[in-house]
Protein chains: 2
Amino acid sequence: MKEQNIKIDLATTKKQKPAADQLVFGKQFTDHMFVADYTEGKGWHDKRIVPYEPITLDPSAMIFHYGQTVFEGLKAYMGQDGSIRLFRPEKNMERLNKSSNRLSMPKVDEALALEALKKLITIDKDWIPNAEGTSLYIRPFMISTESNLSVSPSKKYRFMIILSPVGAYYKEGINPVKILVENEYIRAVAGGTGTAKTAGNYAASLKAQEEADQKGFSQVLWLDGVEKKFVEEVGSMNIFFKINGEIVTPALNGSILEGVTRNSIIQVLKHWGMRVKERKISMKEVQEAHHNGQLEEAFGTGTAAVISPIGELNWEGEEMVVNEGKTGEISKKLYETLTGIQLGKLEDPFDWVVELPKESSVK
Amino acid sequence: MKEQNIKIDLATTKKQKPAADQLVFGKQFTDHMFVADYTEGKGWHDKRIVPYEPITLDPSAMIFHYGQTVFEGLKAYMGQDGSIRLFRPEKNMERLNKSSNRLSMPKVDEALALEALKKLITIDKDWIPNAEGTSLYIRPFMISTESNLSVSPSKKYRFMIILSPVGAYYKEGINPVKILVENEYIRAVAGGTGTAKTAGNYAASLKAQEEADQKGFSQVLWLDGVEKKFVEEVGSMNIFFKINGEIVTPALNGSILEGVTRNSIIQVLKHWGMRVKERKISMKEVQEAHHNGQLEEAFGTGTAAVISPIGELNWEGEEMVVNEGKTGEISKKLYETLTGIQLGKLEDPFDWVVELPKESSVK
């Protein structure tokens with residue numbers, strides 16, 4: 001699919017934009033969306049930017065029954081300099097295709113998807129909030145649309161990009177959370193779909209999250225599905241520990257999602273000259289480090305929060321308070337560095353930021 | 001929800017019914033469908049039987065992103081005596097609720113769902129094919145419908161029942177299949193969603209199925225996700241072995257789907273006075289039984305095929321031909337017994353068949 005083939009149909013009426021203090025994550029959407037359809041034998045067709053509107057599908061559409069779907073999540077930031085910035089968007093498109101492959105879904109043209117995304121954002125640029133910590137959340141996703149109850153890969157798909165203005169994740173400053181180490185439910189195992197960003201992983205996680213909520217925890221920490229010993233992820237974020245001066249994060253093992261923020265954090269830490277290890281890490285080791293006073297920091301990383309400091313880990317009834325329940329020095333510095341780069345306030349030595357042309361206009 | 005509260009809106013135009021030899025599984029649907037909506041705090045509402053029509057959902061509907069969905073599959077049979085029969089439909093509604101619980105979805109009123117199903121079938125009864133081996137496939141399913149990109153249980157759901165006339169599974173007699181024992185991909189582990197009939201399990205299975213197809217196999221046999229040693233399921237069916245005169249099937253272990261056909265087969269075999277064991281069974285044991293000449297039969301069980309005999313198992317390159325690649329005696333007898341009971345041709349000592357009133361009419 002070529003960019004010039006994107007048909008643009010602008011909305012004749014515009015919705016009212018929410019006030020900065022009334023932004024709710026993922027409930028308000030901009031005036032337009034990008035849509036492309038795929039038919040086996042024909043490939044991607046009917047690429048279009050159209051007014052945001054409902055999808056109409058047959059009740060037998062395969063998405064409702066056999067769940068072939070993949071998605072991505074990234075953000076556009078409005079800098080104080082009036083520039084619109086994306087953070088490593090090519091990594092999201094690359095991962096979208098990795099996810100699609102696991103789900104037996106077709107690839108999208110990554111360069112074209114990125115062009116479509118930029119064009120869509122440019123059209124809806126007035127929707128990007130510019131208050132401290134706010135951004136425009138971008139949700140590219142693909143669903144199976146063939147009407148067919150046979151268990152087989154769909155022959156038809158729809159790829160869409162929708163945009164949602166979102167408020168600050170931390171309204172009163174970055175805030176450590178209480179985490180429950182999950183011993184019953186499993187998120188994923190190697191050979192499953194854990195490395196793919198696909199609906200089934202999230203559907204599977206809700207029960208554990210609900211039960212953790214009821215016990216007063218913000219998120220669960222997932223253990224491996226084989227031995228229930230090794231740390232995998234926290235909620236829908238990757239996890240890092242600072243143990244005795246060294247940063248440790250679970251290695252990509254076939255069941256963990258390869259986070260773009262995770263990858264960025266590792267690079268930033270190395271750039272700072274810190275020791276970072278991607279390896280297996282057991283809860284036993286985390287517990288021992290805590291007992292020895294060497295568990296200095298723990299934090300989750302993801303697109304939504306960037307850094308989510310962990311103030312307490314509860315494992316089999318044992319409360320392990322990390323860094324006196326306060327945000328650690330490294331967590332804070334990483335948060336400031338990443339968000340600084342994203343907003344164009346800090347230098348970008350990694351060439352991560354993609355700035356949209358300022359004077360872009362759409363005919 | 002009470003039966004009398006089901007609003008009925010009959011189709012003014014009827015679709016043409018496919019000829020008996022042109023029935024394709026899951027692609028043709030009857031004139032009507034049952035729909036009910038759920039809203040948190042309000043419960044199930046707007047129960048209705050309406051003309052079969054598309055669903056309209058916001059692009060941010062949670063089903064497209066976080067995959068909360070459960071479904072069931074069962075059949076209605078038109079007997080030569082003109083009676084319409086269902087086979088243990090209450091088991092499907094019971095399992096639907098078990099699945100919903102795992103996916104943090106609301107329960108349906110099982111009795112009411114069954115009444116809705118019977119009413120719908122009665123309205124569309126002319127769609128039930130009556131040629132040998134044909135039936136009306138019934139697909140109850142529930143999807144999350146709230147517009148919200150937060151990872152959390154949806155506050156809105158839709159429950160639907162759709163009907164599809166289906167042809168004979170075995171067009172030229174019951175036919176043994178070649179099965180590949182899957183060593184790379186994993187269907188489910190205990191703590192995951194393997195016991196629930198939910199989209200994510202099927203989405204996860206497609207890749208292995210595609211690769212098996214390319215190698216000339218009909219289905220894969222799934223091993224456990226922890227040790228990759230123990231037999232779990234075959235394709236989307238449960239599996240049975242006859243080893244040295246005894247019938248063995250994997251015990252319900254927290255990752256296997258509890259098949260209604262599986263349960264029925266066990267009861268029939270016990271009724272016949274046969275030895276049946278539900279226990280762990282390793283591929284090593286199956287292989288040794290084959291080497292010793294004691295692997296007498298192997299078959300899958302499920303709603304679609306009832307019994308699917310296995311003619312060959314391929315494990316790590318070793319071809320194990322079962323019963324000379326022919327349908328075994330027990331497999332055949334079970335198939336004839338189950339289908340005989342379902343069609344009202346044989347006595348039903350278990351009280352499994354639910355016969356619809358012959359003179360039912362709808363105003």
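Just so we're on the same page: letters track the sequence lines, and every chain starts at 1. Please read these numbers as outputs of a predicted model, since none were measured by experiment.
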Expected output: side-chain A/T69 to main-chain B/F64 donor-acceptor under 3.5 Å: yes
Top of B/A199, B/G26, B/P59 for chain A proximity - count of heavy-atom pairs under 4.5 angstrom: B/P59
Under 4.5 Å from a heavy atom of chain B, the part of A/M33 involved: side chain
Residue B/L206 versus chain A: region with a heavy atom under 4.5 Å: both
Interatomic distance, A/Y137 atom OH to B/L149 atom CG [nearest 0.5 angstrom]: 6.5 Å
Heavy-atom contact with chain A under 4.5 Å, split by part of B/S60: both
A/Y202 ring center within less than 6.0 Å of B/H65 ring center: no
Region of B/A190 that comes under 4.5 Å of a non-hydrogen atom in chain A: backbone
Contact origin within A/S147 toward chain B - heavy atom pairs under 4.5 Å: backbone
OG on A/S152 to CD on B/E210, rounded to 0.5 Å: 9.5 Å
Student check: side-chain heavy atoms of A/L57 and B/P54 closer than 4.5 Å: no
Closest non-hydrogen atom pair, A/G225 against B/V226: O-CG2, 3.7 Å
Max heavy-atom pair count under 4.5 Å with chain B, selected residue of A/S150, A/S164, A/G73, A/G191: A/G191
Which portion of A/E182 sits near chain B, non-hydrogen atoms under 4.5 angstrom: neither
Donor-acceptor pair, side chain of B/R102 and main chain of A/K207, under 3.5 angstrom: no
Interface moiety of A/S144 toward chain B, non-hydrogen atoms closer than 4.5 Å: neither
Contacting moiety of B/F141, where chain A heavy atoms sit under 4.5 Å: side chain
Which of B/Q209, B/E53, B/R139 touches chain A most, by non-hydrogen pairs under 4.5 Å: B/R139
Chain A contacts, top residue of B/A304, B/G235, B/A203, B/A196 (heavy-atom pairs, under 4.5 Å): B/A203
Interface residue of largest heavy-atom contact number with chain B, from A/N148, A/I143, A/L103, under 4.5 Å: A/N148
Proximal component of A/E184, with respect to chain B [non-hydrogen, under 4.5 Å]: backbone
Neighbour count above 12 (heavy atom, 6.0 Å) for A/K15 NZ: yes
Closest-packed option against chain B by number of heavy-atom pairs under 4.5 Å, given A/G67, A/S236, A/A188: A/G67
Interchain contact, B/V189 with chain A, by part (heavy-atom threshold 4.5 Å): side chain
Region of B/N101 that comes under 4.5 Å of a non-hydrogen atom in chain A: both
Top of B/G200, B/G192, B/A204, B/G254 for chain A proximity - count of heavy-atom pairs under 4.5 angstrom: B/A204
Heavy-atom contact with chain A under 4.5 Å, split by part of B/T193: side chain
More than 12 heavy atoms from other groups under 6.0 Å of NZ on B/K228: yes
Chain A contact via B/I55 - which portion, at a heavy-atom distance below 4.5 Å: both
Winner by heavy-atom pair count (cut-off under 4.5 Å) against chain A, out of B/S104, B/A208, B/A61: B/S104
Ring geometry between A/Y66 and B/F71 (parallel below 30°, tilted from 30 to 60°, perpendicular above 60°): perpendicular
Contact class of B/E227 relative to chain A, heavy atoms under 4.5 angstrom: neither
